[in-house]
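For the single chain, residues carry numbers from 1 onward in sequence order. If you're wondering where the values come from, they're calculated on a predicted model, not measured in any experiment.
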Amino acid sequence: MRLALFQPAIPQNVGACIRLSACFGVELHIIEPTGFLFDDRAMKRAALDYGPLSHMTRHADWDAFQAARGPGRLCLFTTKGATALTDFAFRPDDTLLFGSESSGAPDYVHQAADARVFIPIQPEARSLNLSVSAGIGVFEGLRQIGGAAR
């Protein structure tokens, strides 16, 4: 299972996902461009000391990510999702993709996805924070495939 962030805009969310990657032992893929300067200082501040434990790969753009992604389904988490997280069956080689905080994922990313998943929330709420959503998705995926830490 892999975690991918499409053009994230907030360094603290990337930092939280670096920690998520490190704590659960999943690869993290960052699809650029990001909405911030992606330098060592910013990431050290956002990820604290978890960076060395994370398995992070940066991709210059969507095409570079797609070329390097490898086998498995691309599972896009989106508020426009077709399948509720509670009804979705994960596989070990899935890539869980999350769109940008401000704009989500563009149509071409939706079209490339093998599955579109949403996290059920209260109808009057707009959406969850990116790193919170990623944590929910990664944990549920790992739980289903028996890969969650004990």
Side-chain angles (χ1 to χ4, degrees), residues 1-40 42-43 46-47 50-51 54-145 147-148:
M1 185 158 295
R2 295 171 296 279
L3 170 61
L5 306 179
F6 179 84
Q7 300 181 353
I10 301 172
Q12 292 84 354
N13 281 331
V14 174
C17 288
I18 289 171
R19 293 177 73 166
L20 180 67
S21 165
C23 290
F24 287 110
V26 298
E27 296 175 15
L28 173 61
H29 296 265
I30 306 296
I31 304 162
E32 298 190 27
T34 61
F36 55 90
L37 183 60
F38 205 117
D39 63 4
D40 286 341
M43 284 303 95
Y50 285 84
S54 176
H55 305 285
M56 184 178 69
T57 303
R58 292 169 58 187
H59 303 276
D61 55 30
W62 174 253
D63 292 334
F65 167 73
Q66 284 288 74
R69 185 167 60 88
R73 298 181 302 178
L74 186 63
C75 304
L76 177 63
F77 279 70
T78 173
T79 57
K80 301 175 183 100
T83 306
L85 175 66
T86 52
D87 297 328
F88 191 75
F90 289 94
R91 299 177 189 160
D93 61 354
D94 284 344
T95 297
L96 283 53
L97 176 63
F98 294 82
S100 174
E101 296 93 336
S102 60
S103 57
D107 288 341
Y108 65 89
V109 172
H110 277 264
Q111 292 167 1
D114 299 299
R116 292 182 304 119
V117 179
F118 69 94
I119 299 170
I121 59 175
Q122 296 296 317
E124 62 275 6
R126 190 182 64 203
S127 64
L128 291 163
N129 170 278
L130 171 66
S131 58
V132 170
S133 297
I136 291 168
V138 167
F139 187 82
E140 176 59 17
L142 290 174
R143 185 195 68 78
Q144 285 187 21
I145 64 169

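- The side chain to side chain donor-acceptor pair (under 3.5 Å) test applied to R116 returns no partner, not counting sequence neighbours.
- Sorted by first then second residue, the salt bridge (Lys or Arg N to Asp or Glu O under 4.0 Å) pairs that include residues 82-93, not counting sequence neighbours, number zero.
- Counting only residues at least two apart or on different chains, the salt bridge (Lys or Arg N to Asp or Glu O under 4.0 Å) pairs with a member in residues 24-36 are E32-R58.
- N129 is linked by a side chain to side chain donor-acceptor pair (under 3.5 Å) to N13, S131, counting only residues two or more places apart in sequence or in another chain.
- When the salt bridge (charged side-chain N to carboxylate O under 4.0 Å, His left out) test is applied to E140, the partners found at least two apart in sequence or on another chain are R143.
- Counting heavy atoms from C-beta outward, L128 and I119 have side chains that approach closer than 4.5 Å.
- Among all heavy-atom pairs drawn from T79 and S127, the shortest one is CG2-CB, 3.9 Å.
- Distance CG/L5 to CD1/I31: 7.5 Å, rounded to 0.5 Å.
- Contacts of S100 classified as side chain to side chain contact (heavy atoms under 4.5 Å, CB included), with partners at least two apart in sequence or in another chain: A9, S102, S103.
- The OG1 atom of T34 sits 12.0 Å away from the CZ atom of F6 when rounded to the nearest 0.5 Å.
- With sequence neighbours excluded, the residues that form a side chain to side chain contact (heavy atoms under 4.5 Å, CB included) with Q7 are P33.
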Scan the side chains in residues 65-77 for donor-acceptor partners under 3.5 Å anywhere in the protein, sequence neighbours excluded, and list what turns up.
residue, atom, partner, partner atom, Å
Q66, OE1, R69, NE, 2.9
R69, NH1, G72, O, 3.1
R73, NE, D94, OD1, 2.9
R73, NH2, A89, O, 2.8
R73, NH2, D94, OD1, 3.4
R73, NH2, D94, OD2, 2.8

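- For the side chain to side chain donor-acceptor pair (under 3.5 Å) test, residues two or more places apart in sequence or in another chain that qualify with H59 are H29.
- The salt bridge (Lys or Arg N to Asp or Glu O under 4.0 Å) analysis of residues 119-133, with sequence neighbours excluded, yields no pairs.
- In this structure D107 satisfies the side chain to side chain contact (heavy atoms under 4.5 Å, CB included) test together with Q111, sequence neighbours excluded.
- Under the 4.5 Å side-chain criterion, counting only non-hydrogen atoms from C-beta, V138 is not in contact with F90.
- The CE atom of M56 sits 6.0 Å away from the CD1 atom of I30 when rounded to the nearest 0.5 Å.
- Heavy atoms only, all atoms of each residue included: P120 and T86 are closest at CG-OG1, 4.3 Å.
- L96 CG to I136 CD1: the interatomic distance, rounded to the nearest 0.5 Å, is 12.0 Å.
- The shortest side-chain heavy-atom distance between V14 and F36 falls under the 4.5 Å cut-off.
- Considering only residues two or more places apart in sequence or on other chains, F118 meets the ring pair (Phe, Tyr, Trp, His ring centres under 6.0 Å) condition with none of them.
- Between atom CZ of residue F98 and atom CG of residue L130 there is a gap of 7.5 Å, rounded to the nearest 0.5 Å.
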